[in-house]
There are 2 protein chains.
Amino acid sequence: MNTYLQAGLDALGDATRMAIFQRLAAGPLAVNQLARAMPVSRPAVSQHLKVLKDAGLVRDSRQGTRRLYRLDPEGVARLRAHFDQMWTRAMGAFQQAAEKPEEENRHGKRRGRGSRQEERSRKRVH
Amino acid sequence: MNTYLQAGLDALGDATRMAIFQRLAAGPLAVNQLARAMPVSRPAVSQHLKVLKDAGLVRDSRQGTRRLYRLDPEGVARLRAHFDQMWTRAMGAFQQAAEKPEEENRHGKRRGRGSRQEERSRKRVH
DNA sequence: CACTTACGTAAGTAAGAACTAACCGACTGG
DNA sequence: CCAGTCGGTTAGTTCTTACTTACGTAAGTG
């Protein structure tokens, strides 16, 4: 699965981070400014910013002792592109499948209870 | 903040649910079929399906004893619309802010340490 | 060179998300 | 009916995560 997409969705899936993201859309802000406008502590904001940064959605720049965060247009655009592509693919396949019901619903052979397949890479990375 | 958007992002933010979503894009599937193709148990799939359903991304229909799940084009379209709108707004505001640096970076008055504002509604609802 | 401001990060905690096992109702076919 | 299939739900466990407090550090200031 596309990692950028998953990371981006995960990042924006949290309400607090989404709020931060929105705030930053209005213009660059320092961590303190963000924290003061939100119901969580400054360190919490820092941590969220790190996630957003790792997802490529924001960038930071030192400004004297403070650190200004702003959206990263490139990252945002990229995520948006991946997202659009995902939608398009999914809905395309869906409509195609809808038009020709075909030979769906075969029972498919059983498999031993304990044998799961393709150990999907958990998003769990912390 | 828009609830549909947040719920949708949260739903697709999980890798397992995203995988389920993708599978369903290829055509309707029963819970068992999904579970067999994935590294998690059937109940887990059921629970994820519930989340996706609550987010309006999938629909289910009884088919004898089984229950077929498929994407919900309406819900998907709606989420996509909200998403696009969000992007557009955010990037619009961002560019506008970028063009006129204005009188940013005023220190802003302090506020008593303990007073946080607008107890943002946590997504925690279980 | 203290002193202050602004952050990041570590450590610890508590809420809750994801998962499994077990149970139970609904439907199907002999 | 009765046995078997299918899937939702509950209870309980484990693993994450979002958060806070405490501490360490870099950069301006008097």
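Residue numbers begin at 1 in each chain, while the letters A, B, ... track the order of the sequences. Basis for what follows: all heavy atoms, side chains included, without hydrogens, waters or symmetry-related copies. Everything numeric here is computed off the predicted structure, so don't read it as measured data.
To the nearest angstrom, P of D/dG7 lies 11 Å from CG of B/L29. Here C/dG8 presents its P atom at 11 Å from CG of A/L68, a figure rounded to the nearest Å. Between the NE2 atom of A/H48 and the P atom of D/dT16 there is a distance of 18 Å, rounded to whole Å. For the pair B/R67 CZ and C/dT28 C1', the interatomic distance rounds to 16 Å; values are reported in whole Å. Straight-line distance from the CG atom of B/D14 to the C1' atom of C/dA17: 9 Å, rounded to whole Å. The separation between B/L49 atom CG and C/dA17 atom C1' is 16 Å, rounded to whole Å.
Residue B/L52 is tested with B/M18, B/R59, B/R17 for a side chain to side chain contact (heavy atoms under 4.5 Å, CB included); the sole match is B/R17.
Nearer to the 5' terminus of DNA chain D, by closest-nucleotide assignment, is the contact made by B/T65 (compared with the other of B/Q47 and B/T65). A residue-by-residue look at B/N32 and A/G64 shows that B/N32 has its nearest nucleotide of DNA chain D further toward the 5' end.
OP1 or OP2 of C/dA18 has at least one side-chain nitrogen or oxygen of B/R17 nearer than 4.0 Å. A sub-4.0 Å separation between OP1 or OP2 of D/dG8 and a side-chain N or O of B/Y69 is present.
A 4.5 Å side-chain heavy-atom check between B/L5 and B/L79 finds at least one atom pair inside the cut-off.
Between the base of D/dG8 and the side chain of B/R42 there is a donor-acceptor pair shorter than 3.5 Å.
No donor-acceptor distance shorter than 3.5 angstrom exists from the side chain of B/R42 to the backbone of B/A35, with no hydrogens or angles considered.
Around CD of A/E74, the count of heavy atoms belonging to other residues, nucleotides or ligands within 6.0 Å does not exceed 12.
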